[in-house]
Colleague: 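First the structure, which I've put down as structure tokens, then a few questions once you've had a look.
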Amino acid sequence: MTVDHRTVSLPEPGLGTTIPRFLVAGLAIVAAAAVLTVPAVSSPSVDAQIRWGSVALATFCIGLLLLMSAMTGHEGLGLASWRIGSWSLLWAALAFGLATITWIGPQTGEPAEILPESMLRALWMIAVAMTMLTAGYCSGLHRLATARTLRFTGALGRRFTDEVRGPARAWALFAVGVVAQVGYAVTSGHFGFIGNVAAAETSASSYGQVLAILGECTPLAVLAAAIRARQTRTLSDRLTMAVLFLAAIAIGAVSGGKTSFVVAVIAVILPNSLRRGRLPVGLIAAAIAFFLLIVIPFNQSYRVGAVGYASLSTSQAIATAPTVASRVLVSDLSLTTIADSFEYLGERIRSTDSPAIIMQRTPTEIPYRNPAELLADPVIDLVPRALWPGKPILSVGYQMSQEYYQLPPSVYTSSDITPEGDLYRHGGWFWLLAGMFLGGVGLRTLDESIDLRRSVHGAFLMLLLFPDIVMAGTDWSTLIAGIPGMILLWLGVVGTCFKRRTATRRQPGLRPVS
């Protein structure tokens, strides 16, 4: 077996060419978004106002993405180099922008509690929040923190190469992840969205947090296998990557989730995009088609039968998975299925509901929460339960379902809250503006610290943080409190997977070409 040790010299991003191109385009698109707000304000129909407002917000976020790339010198908008700041704006364009169109029309359940005027106010609120996020990202205030973190990541790069030690490392990582997930399911009584979901909101163990973190080794194993397959180009390593990829998808499917599929796909395409300097459009298109044709229909059927109404145990629910999968595979895999899945996906990723209901009922019906919680709750969440057995359970989504949607405590559902909505409910506009600006500074610090142009080590941390930060549906405190644990796991994985550097060993090339 031979390993490709070639390296690719990567020049610094060309600010002289990037800034004019992206700056002009960004200003033009922001201007177009401003034009689109005219019918969003003046249309006689509230449905038309929401439709135009959603398109205007999506357009505005794309304009901010171009302006961010111009001000920071990101080639390819920072998407191919997996900048979390860039992906956050793209996700906002989809989840807060275009997906809001799915709210138009008769609604049932929690969305029916939201008034159209509140949805329109939420669109404006998200536009302001994304503006502050972009301003913080481009402000340059990250430099002091980045200088310190770069010393640490630089030391990590000097100690370890980018070469994965061997296929056994990926298998070992996968085994750790599976054992941790099984252990969490056995001790808690639930596995993802199946089993005794009430336990997730009403009880917690001293070791549950550790098992949950170690369970993230499953997608990291796929990434390690994908990196090694890209480096060696051998059939055995490619088969290892394929087997681990399919196994990760299967585990995510039986847990009742969809995000695990997205993360597994990112783990596979990331090494390829870093090497080529662009996103593999063909692979992404194939993944989207599979997601719409297979993953979403399976998830809908599985969660209705095994999760939503059947009250099955974890083992009973998993036992139904093969039957559900076979039924989906023999169903009509046509454009109709894609259209239905696309509509369902839009409803599921729609993130505007939370800011809308919060602005509707705070502070007129529900008073602002104490802003001190934004500092205290992350600290409380970080303290291990083994050291504090009586630590309160911060089930913010479960509490929000009762407080803002008036659901009874017997309904164990966790409503998305989003960092934007959580900041607003802790004091209104001031804390929203300040929090989003600081969040932008933090994202820039993170992106510069784990810059994948320097080393592929940062890809593991990016993969761990991507779902929670980019597709953020949780509250601000939970988001912040989850980062230290992921950093510790990242350090352990890097030390385990990569070869130690010697004076004669050169790094395998996984860097993008410009």
Colleague: Looking only at heavy atoms, what is the nearest atom pair of Trp476 and Asp422, with distance?
Modeller: N-OD2, 3.1 Å
Colleague: Is it true that a side-chain atom of Arg501 and a backbone atom of Arg159 form a donor plus acceptor pair closer than 3.5 Å?
Modeller: no
Colleague: Between Arg83 and Glu448 (salt bridge meaning N to carboxylate O under 4.0 Å), is one present in this structure?
Modeller: yes
Colleague: Step by step, work out the side-chain contact (heavy atoms from CB on, under 4.5 Å) result for Arg327 and Ser301.
Modeller: CA-CA 9 Å; Arg327 187 166 61 244; Ser301 180; 3.0 Å; yes
Colleague: Which heavy atom of Ala92 sits nearest a heavy atom of Met130, and at what distance?
Modeller: CB-SD, 3.6 Å
Colleague: Considering only heavy atoms from C-beta outward, does the side chain of Arg169 approach that of Phe174 to under 4.5 Å?
Modeller: no
Colleague: So among Thr161, Val494, Asp162, Ile450, which one has a side-chain contact (heavy atoms from CB on, under 4.5 Å) with Ser455?
Modeller: Asp162
Colleague: What's the verdict on ring pair (Phe, Tyr, Trp, His ring centres under 6.0 Å) for Phe191 and Tyr184, showing C-alpha distance, side-chain angles and the deciding distance?
Modeller: CA-CA 7 Å; Phe191 179 45; Tyr184 187 86; 8.8 Å; no
Colleague: Evaluate the side-chain contact (heavy atoms from CB on, under 4.5 Å) criterion for residues Thr153 and Leu150: first the C-alpha distance (whole Å), next the side-chain angles of each, then the deciding distance (0.1 Å), finally the verdict.
Modeller: CA-CA 5 Å; Thr153 56; Leu150 282 178; 3.9 Å; yes
Colleague: Kindly determine whether Phe460 and Phe498 satisfy ring pair (Phe, Tyr, Trp, His ring centres under 6.0 Å), including the steps that lead there.
Modeller: CA-CA 12 Å; Phe460 289 82; Phe498 292 98; 5.6 Å; yes
Colleague: Using atom types as modelled and distance alone, determine if a side-chain donor or acceptor of Tyr137 lies under 3.5 Å from a backbone N or O of Leu443.
Modeller: no
Colleague: Taking Leu77's backbone N and O only, do any of them form a donor-acceptor pair with Ser86's side chain (distance below 3.5 Å, no angle check)?
Modeller: yes
Colleague: Before giving the answer on side-chain contact (heavy atoms from CB on, under 4.5 Å), spell out for Tyr302 and Val254 the whole-Å C-alpha distance, their side-chain angles and the decisive distance to 0.1 Å.
Modeller: CA-CA 8 Å; Tyr302 180 63; Val254 298; 4.1 Å; yes
Colleague: Please find the pair of heavy atoms, one from Ala224 and one from Leu173, that lie closest to each other, and give the distance.
Modeller: CB-CD1, 4.4 Å
Colleague: Going by atom types alone, do Thr232 and Asp237 pair a side-chain donor with an acceptor below 3.5 Å?
Modeller: yes
Colleague: Leu27 and Leu67: which non-hydrogen atoms are nearest, and at how many Å?
Modeller: N-CD2, 3.9 Å
Colleague: May I ask you to decide if Arg500's main-chain N or O and Glu163's side chain share a donor-acceptor pair within less than 3.5 Å?
Modeller: no
Colleague: Using modelled atom types only, decide if a donor and an acceptor are shared between the side chain of Gln181 and the backbone of Gly215 within a distance under 3.5 Å.
Modeller: yes
Colleague: Treating Ser341 as the side-chain partner and Leu292 as the backbone partner, does any N or O pair qualify as donor plus acceptor under 3.5 Å?
Modeller: yes
Colleague: Should Thr146 and Arg143 count as side-chain neighbours, where that means a heavy-atom distance under 4.5 Å?
Modeller: no
Colleague: Side chain of Trp82, backbone of Ala459: donor and acceptor closer than 3.5 Å?
Modeller: no
Colleague: Do the non-hydrogen side-chain atoms of Leu274 and Val456 ever get within less than 4.5 Å of each other?
Modeller: yes
Colleague: Using atom types as modelled and distance alone, determine if a side-chain donor or acceptor of Asp416 lies under 3.5 Å from a backbone N or O of Thr418.
Modeller: no
Colleague: Compare all side-chain heavy atoms of Leu133 with those of Phe437 and state whether any distance is below 4.5 angstrom.
Modeller: no
Colleague: Find out whether Tyr344 and Asn299 are in side-chain contact, i.e. whether some heavy atom of one side chain is under 4.5 Å from a heavy atom of the other.
Modeller: yes
Colleague: Determine whether a donor-acceptor pair (N or O, by modelled atom type, separation under 3.5 Å) exists between the side chain of Ser351 and the backbone of Ile349.
Modeller: yes
Colleague: Taking the side chain as everything from C-beta on, heavy atoms only, tell me whether Ile62 gets closer than 4.5 Å to Leu90.
Modeller: yes
Colleague: Is Asp447 salt-bridged to Arg444, going by a charged N under 4.0 Å from an acidic O?
Modeller: no
Colleague: Any sub-3.5 Å donor-acceptor pair from Thr478's side-chain atoms to Asp475's backbone N or O?
Modeller: no
Colleague: I need the minimum non-hydrogen distance between Ser81 and Leu452, along with the two atoms involved.
Modeller: O-CD1, 3.9 Å
Colleague: What's the separation between atom CG in Leu64 and atom CG in Leu57, rounded to the nearest 0.5 Å?
Modeller: 9.0 Å
Colleague: So, for Ile296 and Leu345, which heavy atoms are closest and what is the spacing to 0.1 Å?
Modeller: CD1-CB, 3.9 Å
Colleague: Are any of the side-chain heavy atoms of Val262 and Pro467 separated by less than 4.5 Å?
Modeller: no
